[in-house]
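Okay, structure first, notes after.
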Amino acid sequence: MTRTRLAVAAAAALLFAAVPSILSAPARADDQDFALIERGRYVATTADCVACHSLPSGKPYAGGSALQTPFGTLVAPNITPDRGTGIGNWTEEDLRRTLREGIGRGGKRLYPAMPYPAYTRMTDDDIRALWAYLRTLEPVSNAVEANQLPFPFNIRLLMAGWNLLNFEPEPFKPDPQKSAEWNRGAYLVQALGHCGTCHTPKTMLGADDTGRALQGANLQAWYAPSITADKRQGIGGWTADQLVAYLKTGANHQSLASGPMAEEIQNSSSRMTDADLKAIAAYLLDRKPPGTQAQTATVAADDARMRTGGAVYTDTCMACHGGDGKGQTFLFPTLAGSGVVQADDPATLIRLVLDGSRAVATDDRPTGPAMPPLGWRLTDADVAAVVTYIRNSWSNAAPPVSADDVAKMRKTLAQVN
Ligand code: HEC
Ligand code: HEC
Ligand code: HEC
């Protein structure tokens with residue numbers, strides 16, 4: 001009797017145990033899909049796919065943003081699941097080929113303006129999640145003519161040669177000597193965040209100069225400075241918390257982000273988790289600075305350019321950036337000791353003085369402070385002098401800038417604006 005009751009109880013327990021699990025089985029599958037899609041959304045955010053594949057006024061991912069490349073203008077295609085004009089007929093494997101090998105619709109070789117030289121290191125899991133997320137986007141019918149390059153760069157066959165010379169599909173290689181956090185940071189910087197697309201100098205053929213990874217690169221009208229641990233031109237003087245603050249909000253004790261970096265922060269790094277930002281900091285601040293950190297000879301304080309520059313500075317810049325070049329935290333960047341100010345390439349400085357800029361707006365700080373355009377009231381020689389002045393005051397040291405450099409930048413800006 002007791003045994004039977006026990007058996008019944010056991011059967012009932014089994015039944016009850018089984019019922020909820022039967023009921024929850026499909027729910028768990030949904031949860032898994034949901035988790036995969038959410039993970040894919042986060043992968044898309046960290047990889048900033050939306051930046052190039054959308055117009056500011058258009059539907060996200062429907063394509064159309066024109067990219068200036070050294071070869072000419074390229075437009076990023078529609079990657080919504082629209083069957084006619086997007087990637088609605090694609091499979092996960094097609095997306096994998098694009099990211100890993102740089103091969104697009106109909107087997108065509110893509111220009112590296114699509115950052116597949118970085119995305120090639122993406123893990124299978126991240127690609128699967130990204131695919132799941134892209135499938136959930138609203139299909140938008142929008143035909144995009146991707147290739148607006150002049151002859152001979154419009155010949156895609158050339159890309160086959162470019163790839164042979166420059167591009168090895170290559171998985172991410174973790175460094176077993178380093179911590180999990182460091183390796184996560186390396187993966188974010190090298191693969192998803194594709195920081196080198198802007199911060200690594202390029203070879204003649206437009207490929208990353210890997211020997212000088214993250215040491216700073218010219219983007220025509222901007223200069224993306226070194227983000228190695230170099231103390232003078234890079235971010236070696238920043239703490240991990242200061243770097244995290246910059247990537248999260250676009251502002252820290254020293255710098256305010258402008259231009260393409262402001263966009264990167266708005267779309268991408270301000271939306272990364274704190275753990276991921278700390279991982280990026282752990283990796284970047286551990287990267288050895290390039291061999292020489294020797295100070296470039298400074299322009300002497302009594303040089304005529306420095307005297308003119310000092311006068312222009314007092315008149316036009318000091319009210320915001322201060323007599324000591326220290327600015328005001330979170331409002332006006334510190335010019336003293338800044339890597340951007342001391343970069344060998346002064347493109348960002350000249351551009352900011354000519355055209356001004358509005359600093360990044362994030363959820364934390366909805367209106368960024370602005371630097372006014374001053375090009376209309378300063379001559380080329382004045383701009384050259386004041387930029388030379390800030391590069392060689394308050395212990396800063398960097399090569400002088402000529403009126404010619406300024407005239408060239410005015411021309412470039414007239415083209416890109
Ligand atoms: C820096 C700009 C940029 C970013 C960031 C970017 N793309 Fe692209 N993408 C492009 C450009 C430009 C092309 C077209 C290149 C060409 O035609 O040779 C392209 C092509 C593609 C194609 C091929 C489409 C076709 O019709 O052949 C796919 C798919 C794609 N991108 C997906 C992505 C995904 C997913 C991400 C994020 C992981 C991403 N892209 C991030 C610029 C970008
Ligand atoms: C689309 C191009 C682009 C991409 C992608 C990009 N950056 Fe930048 N970055 C720039 C430019 C341009 C500047 C200079 C902006 C300025 O002076 O305000 C900059 C500035 C910075 C600075 C400030 C340096 C200083 O001395 O003030 C840091 C730090 C930085 N980037 C880190 C990163 C990291 C980390 C990534 C990848 C997650 C990244 N960037 C991706 C273009 C880019
Ligand atoms: C009205 C206040 C104001 C004046 C006047 C002003 N600036 Fe700025 N400046 C700013 C702000 C705000 C930023 C940040 C803008 C951004 O990040 O987009 C900035 C950014 C800069 C930067 C970039 C620093 C960095 O870390 O990215 C430089 C260099 C600079 N200014 C130099 C000058 C010079 C030289 C002058 C005079 C010719 C000048 N500024 C006049 C407010 C001002």
Side-chain angles (χ1 to χ4, degrees), residues 216 218 221-228 230-239 242-243 245-246 249-262 265 293 295-301 303 305-360 368-375 377-378 380-402 405-406 409:
N218 187 289
W222 289 96
Y223 183 73
S226 165
I227 51 171
T228 68
D230 184 303
K231 284 214 158 45
R232 192 169 65 85
Q233 295 191 324
I235 51 174
W238 294 11
T239 65
Q242 289 165 344
L243 178 51
Y246 180 88
T249 67
N252 66 7
H253 66 296
Q254 172 161 61
S255 198
L256 291 182
S258 347
M261 192 60 203
I265 290 168
Q293 289 195 67
Q295 196 149 304
T296 327
T298 46
V299 183
D303 187 293
R305 290 168 297 184
M306 289 293 279
R307 275 185 279 125
T308 311
V312 175
Y313 186 83
T314 307
D315 273 1
T316 25
C317 322
M318 200 162 85
C320 295
H321 292 286
D324 54 3
K326 291 227 169 80
Q328 220 169 63
T329 310
F330 298 129
L331 272 183
F332 307 123
T334 298
L335 307 180
S338 153
V340 177
V341 173
Q342 298 178 85
D344 289 337
D345 184 325
T348 293
L349 308 180
I350 302 175
R351 177 193 183 123
L352 277 170
V353 173
L354 290 177
D355 247 18
S357 153
R358 181 170 288 282
V360 67
M371 158 117 175
L374 297 165
R377 46 185 279 210
L378 298 174
D380 291 353
D382 283 347
V383 174
V386 75
V387 171
T388 300
Y389 176 80
I390 63 171
R391 283 157 76 74
N392 293 286
S393 299
W394 321 296
S395 311
N396 285 355
V401 169
S402 71
D405 297 335
V406 179
M409 179 57 80

(message) I'd like to check M306 versus S393 (side-chain heavy atoms, cut-off strictly below 4.5 Å). Are they in contact?
(response) yes
(request) Nearest 0.5 Å please: distance from the NZ atom of K231 over to the OG atom of S226. (result) 12.5 Å
(message) Distance check, rounded to the nearest 0.5 Å: C320 atom SG versus L335 atom CG?
(response) 10.5 Å
(message) Under a 3.5 Å distance rule, please check whether R232 uses its side chain to pair with a backbone N or O of A397 as donor and acceptor.
(response) yes
(request) Return the set of residues passing salt bridge (charged side-chain N to carboxylate O under 4.0 Å, His left out) with D382 (not counting sequence neighbours), or none when no residue passes. (result) none
(request) Please confirm whether the backbone N or O of Q242 pairs with a side-chain atom of N252, one donor and one acceptor, at under 3.5 Å? (result) yes
(message) Looking at Q342 and Q233, would you say the former's side chain and the latter's main chain have a donor-acceptor pair under 3.5 Å?
(response) no
(request) Determine yes or no for a side-chain-to-main-chain donor-acceptor pair under 3.5 angstrom, with R351 supplying the side chain and A221 the backbone. (result) yes
(request) State the SG-CD1 distance between C317 and I390, to the nearest 0.5 angstrom. (result) 7.0 Å
(request) May I ask you to decide if A381's main-chain N or O and R305's side chain share a donor-acceptor pair within less than 3.5 Å? (result) no
(message) Angle between ring planes, Y313 versus Y389, binned at 30° and 60°: parallel, tilted or perpendicular?
(response) tilted
(request) Give, for atom CD1 of I235 and atom CG of L243, the distance between the pair rounded to the nearest 0.5 Å. (result) 4.5 Å
(request) Kindly give the heavy-atom pair with the smallest separation between V299 and N392, and that separation in Å. (result) N-OD1, 3.4 Å
(message) With heavy-atom distances below 4.5 Å as the criterion, would you say the side chains of M409 and V383 are in contact?
(response) no
(message) Show me the pairs that pass salt bridge (charged side-chain N to carboxylate O under 4.0 Å, His left out) and involve residues 308-335, at least two apart or across chains.
(response) none
(request) Mind listing the closest non-hydrogen atom pair of D344 and R391 along with its distance? (result) O-NH2, 3.3 Å
(message) I'd like to know if the side chain of D355 reaches the main chain of G375, judged simply by a donor and an acceptor atom lying under 3.5 Å from each other, with no hydrogens or angles considered.
(response) no
(request) Look only at the side chain of H321 and the backbone of P333, and say whether a donor-acceptor pair between them is shorter than 3.5 Å. (result) yes
(message) Would the distance check show the side chain of T348 and the main-chain N or O of Y223 forming a donor-acceptor pair, the cut-off being under 3.5 Å?
(response) yes
(message) Holding to ring pair (Phe, Tyr, Trp, His ring centres under 6.0 Å), I want the full list of residues that pass it with F332, two or more places apart in sequence or in another chain.
(response) none
(request) Give the C-alpha distance, both sets of side-chain angles, the deciding distance and a yes or no for side chain to side chain contact (heavy atoms under 4.5 Å, CB included) between R377 and T316. (result) CA-CA 10 Å; R377 46 185 279 210; T316 25; 3.0 Å; yes
(request) Of all the heavy-atom pairs spanning S338 and N396, show the shortest one and how long it is. (result) N-OD1, 4.3 Å
(message) Please check this pair: side chain of T388 against backbone of V401, looking for a donor-acceptor N/O pair closer than 3.5 Å.
(response) yes
(request) With rounding to the nearest 0.5 Å, note down the distance linking OH in Y246 to NE2 in H253. (result) 11.5 Å
(request) Calculate, to the nearest 0.5 Å, the distance between atoms CG and CG belonging to L374 and L352 respectively. (result) 10.0 Å
(message) Which heavy atom of A336 sits nearest to which heavy atom of W394, and what is that distance?
(response) CB-CB, 3.7 Å
